[in-house]
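These numbers come from a predicted model, not from an experiment.
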Amino acid sequence: MSDELKGRPQPTVDPESGNLDPLPLQLSEKAPLPSLETAIPLTKEKEKPVVLAPKPAPKPKRQVPKWVLWSLWFNTYRKFFTFTFSFNMIGLALAASGHWPYGRKFAGSIVVANFNFAILMRNEVFGRILYLFVNTCFAKWPPLWFRLGCTSVLQHLGGIHSGCALSGVIWLLYKVVMNFMKLDVTHDAILVMGLVTNLAVAISALSAFPWVRNTHHNVFERHHRFVGWTGLICTWVFVILGDTYDSTTRTWNLNGAALVRHQDFWFTMGMTIFIALPWCFVREVPIDIELPSSKVAIIRFKRGMQQGLLGRISRSSIMEYHAFGIISESRHAKHHYMIAGVQGDFTRSLVQDPPKTIWTRELKFAGVSNTSTLYKRGIRICTGTGIGAALSTCLQSPYWYLIWIGSEQEKTFGPTISGLIHKHIGPERLLLWDSKARGGRPDSMKLVKEAYTYWNAEVVFITSNYIGNSEIMQGCKEAGIPCFGTLWDF
């Protein structure tokens, strides 16, 4: 067990002690630079060229067992997606082949039912209620495998969202094709609205594909939201037209009592409520921005928050919202904080033109850290700005050990963040690794394994970039350590 994990003070790292490779000697001002002739001969008659020593071979990449890679790839998210999408496609095949008359007759209801569940899985109100129920009823007492399963299900609900959304688009395409196959009894307005609706929801769904979402965030936000809202309006028109048109008599039945008896009407109503509900909590709130360095902005809000929450903020009421972890000492604290790493247009604007107010959703959404109350003891490892999502758990619970890997953390993140850490987290459950002072990044898995044993932990939560997250997840999986890492699905 290393002394670092036990909170004992460490001596200054000395390159000559063998802990680090010696740094290259710097050229002194008096040292003559080699001439061109001595470095590289100009003619064959001169001395043979000096053969430079070959560069040391790069460290071989660690071979990860295939079963580890497969189990991490086919996670609960993809299991949910596979189940919901396969279930829908089986139903669609049965309906198209005539073996399921209900699916053929009520394809429109199945379309909006899928969209209904897809939106529900991303609804902040539903998510907070679900997390509250699980954290209240299953904290610490059930078997570990059950609690790990609860965390996995809550973290990967996006799989149901994606599976139902894509299934809804395909069911809608089937519905439109069926309408065109009955041109003689289907009104032109229904045909046109079916095409427009299908196009809108397809664009909204395609904009949420991982490559678009993770590399072109603003494109994803604009298309997924605004084209999605357009698709909702088109869905209402399509549903009302389809439910009020009598294909037998080829007349319009404008009786509202008949309209509300259709299933798709109520599914569309539910979908509308789930979309609108989070926007009821949008507020413009006062903030203070601290700029401890050129790399980060510390955003301070009024009042405290429970641990494990994330918030979305924007400089506009309806434009791009960006999610950040929330740091708070307790629910009763005077302030809570967000750490914004300066890298994109939005975060750069916070530094170049710090606003006095910002738009946010007062109802925050829960992240994986919110389930930390399910476990008796745990490890929270993060790198860089990942401290924003990790710190609250360790501030508010004495049963969580913090490992933070970064470069000059106190200088980069300033006195506010370092003050919170040193005030509330004792050295016996804290390891800060300054990669600049220590000469490089650590062996993260060595730290995790030692901390896991020393702290008698049940689980490890990871917040890092994609590469760091993958390496630690793979190492934990291979070592049999339960772990949950960052997701890029929202």
Side-chain angles (χ1 to χ4, degrees), residues 84-85 88-89 91-93 95-96 102-123 160-209 212-213 219-247 250 252-254 256 258-279 318:
T84 54
F85 186 73
N88 270 281
M89 292 305 99
L92 181 62
Y102 178 89
R104 195 178 186 91
K105 182 179 179 181
F106 296 103
S109 298
I110 297 174
V111 170
V112 287
N114 269 290
F115 290 152
N116 207 63
F117 275 95
I119 295 165
L120 180 64
M121 292 302 108
R122 284 294 190 227
N123 184 271
I160 301 176
H161 168 82
S162 301
C164 287
L166 186 57
S167 298
V169 174
I170 298 175
W171 270 103
L172 179 56
L173 180 61
Y174 168 74
K175 171 71 173 175
V176 172
V177 170
M178 290 297 295
N179 285 342
F180 273 89
M181 292 176 65
K182 299 181 290 184
L183 280 172
D184 54 332
V185 295
T186 306
H187 198 279
D188 291 346
I190 298 176
L191 297 175
V192 172
M193 284 311 303
L195 287 174
V196 174
T197 304
N198 213 152
L199 180 63
V201 298
I203 293 174
S204 181
L206 289 173
S207 68
F209 270 51
V212 179
R213 186 176 61 238
V219 173
F220 154 69
E221 281 265 356
R222 292 167 185 164
H223 288 76
H224 199 61
R225 177 173 303 144
F226 296 114
V227 180
W229 288 351
T230 303
L232 175 63
I233 297 171
C234 293
T235 300
W236 267 115
V237 176
F238 186 48
V239 167
I240 293 173
L241 289 177
D243 289 349
T244 56
Y245 184 73
D246 190 336
S247 59
R250 300 187 186 182
W252 298 96
N253 181 5
L254 302 180
L259 177 63
V260 298
R261 285 199 293 268
H262 288 82
Q263 302 174 52
D264 49 3
F265 173 86
W266 292 107
F267 277 128
T268 309
M269 179 65 74
M271 185 170 64
T272 305
I273 293 173
F274 293 147
I275 290 175
L277 193 57
W279 292 95
I318 62 172

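- Residue pairs satisfying the side-chain hydrogen bond (donor to acceptor under 3.5 Å, both in side chains) criterion with at least one member in residues 109-120, sequence neighbours excluded, are listed as follows: Asn88-Asn114.
- Partners of Ser162 by side chain to side chain donor-acceptor pair (under 3.5 Å), not counting sequence neighbours, listed by chain and number: Tyr77.
- In this structure Phe106 satisfies the ring-ring contact (aromatic ring centres under 6.0 Å, His included) test together with Tyr102, sequence neighbours excluded.
- Note that CG of Leu120 is 11.5 Å distant from CD1 of Ile273, once rounded to the nearest 0.5 Å.
- Applying the salt bridge (Lys or Arg N to Asp or Glu O under 4.0 Å) test to pairs two or more places apart or on separate chains, none has a residue in residues 259-274.
- Atoms CD1 and CZ, from Ile160 and Arg122 in turn, are 10.5 Å apart once rounded to the nearest 0.5 Å.
- Residues passing the side chain to side chain contact (heavy atoms under 4.5 Å, CB included) test with Leu254 are Trp252, sequence neighbours excluded.
- Shown here are the salt bridge (charged side-chain N to carboxylate O under 4.0 Å, His left out) partners of Arg225, two or more places apart in sequence or in another chain: Glu221.
- Atom CZ of Arg104 sits about 12.0 Å away from atom CD1 of Ile110, to the nearest 0.5 Å.
- Looking at Thr268 and Ile240, their side chains never come closer than 4.5 Å, going by heavy atoms from C-beta outward.
- In terms of the ring-ring contact (aromatic ring centres under 6.0 Å, His included) criterion, residue partners of Tyr174 (sequence neighbours excluded) are, by chain and number, Trp171.
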Exercise answer: donor-acceptor pairs, residues 193-203 side-chain atoms, under 3.5 Å, sequence neighbours excluded:
{"residue": "Thr197", "atom": "OG1", "partner": "Met193", "partner atom": "O", "Å": "2.7"}
{"residue": "Thr197", "atom": "OG1", "partner": "Cys234", "partner atom": "O", "Å": "3.3"}
{"residue": "Asn198", "atom": "OD1", "partner": "Leu173", "partner atom": "N", "Å": "3.2"}

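- When atom types are taken as modelled, the side chain of His224 and the backbone of Ser204 share a donor-acceptor pair closer than 3.5 angstrom.
- Rounded to the nearest 0.5 Å, atoms CD1 (Ile119) and CG (Leu277) are 12.0 Å apart.
- Listed by first and then second residue, the ring pair (Phe, Tyr, Trp, His ring centres under 6.0 Å) pairs that reach into residues 258-277 are Trp236-Phe265, sequence neighbours excluded.
- The ring-ring contact (aromatic ring centres under 6.0 Å, His included) test applied to Phe180 returns no partner, not counting sequence neighbours.
- Annotation: side chain to side chain contact (heavy atoms under 4.5 Å, CB included) contacts of Ala118 (sequence neighbours excluded): His161, Cys164, Ala165.
- Thr84 contributes atom OG1, which lies 11.5 Å from atom CZ of Phe117 (distance to the nearest 0.5 angstrom).
- Between Leu191 and Thr186, some side-chain heavy-atom pair lies under the 4.5 Å cut-off.
- Here the side chain of Thr244 pairs no donor or acceptor atom with the backbone of Asn253 at under 3.5 angstrom.
- With a 4.5 Å cut-off on side-chain heavy atoms, Leu232 and Phe115 do not count as touching.
- Ile275 contributes atom CD1, which lies 9.0 Å from atom CH2 of Trp229 (distance to the nearest 0.5 angstrom).
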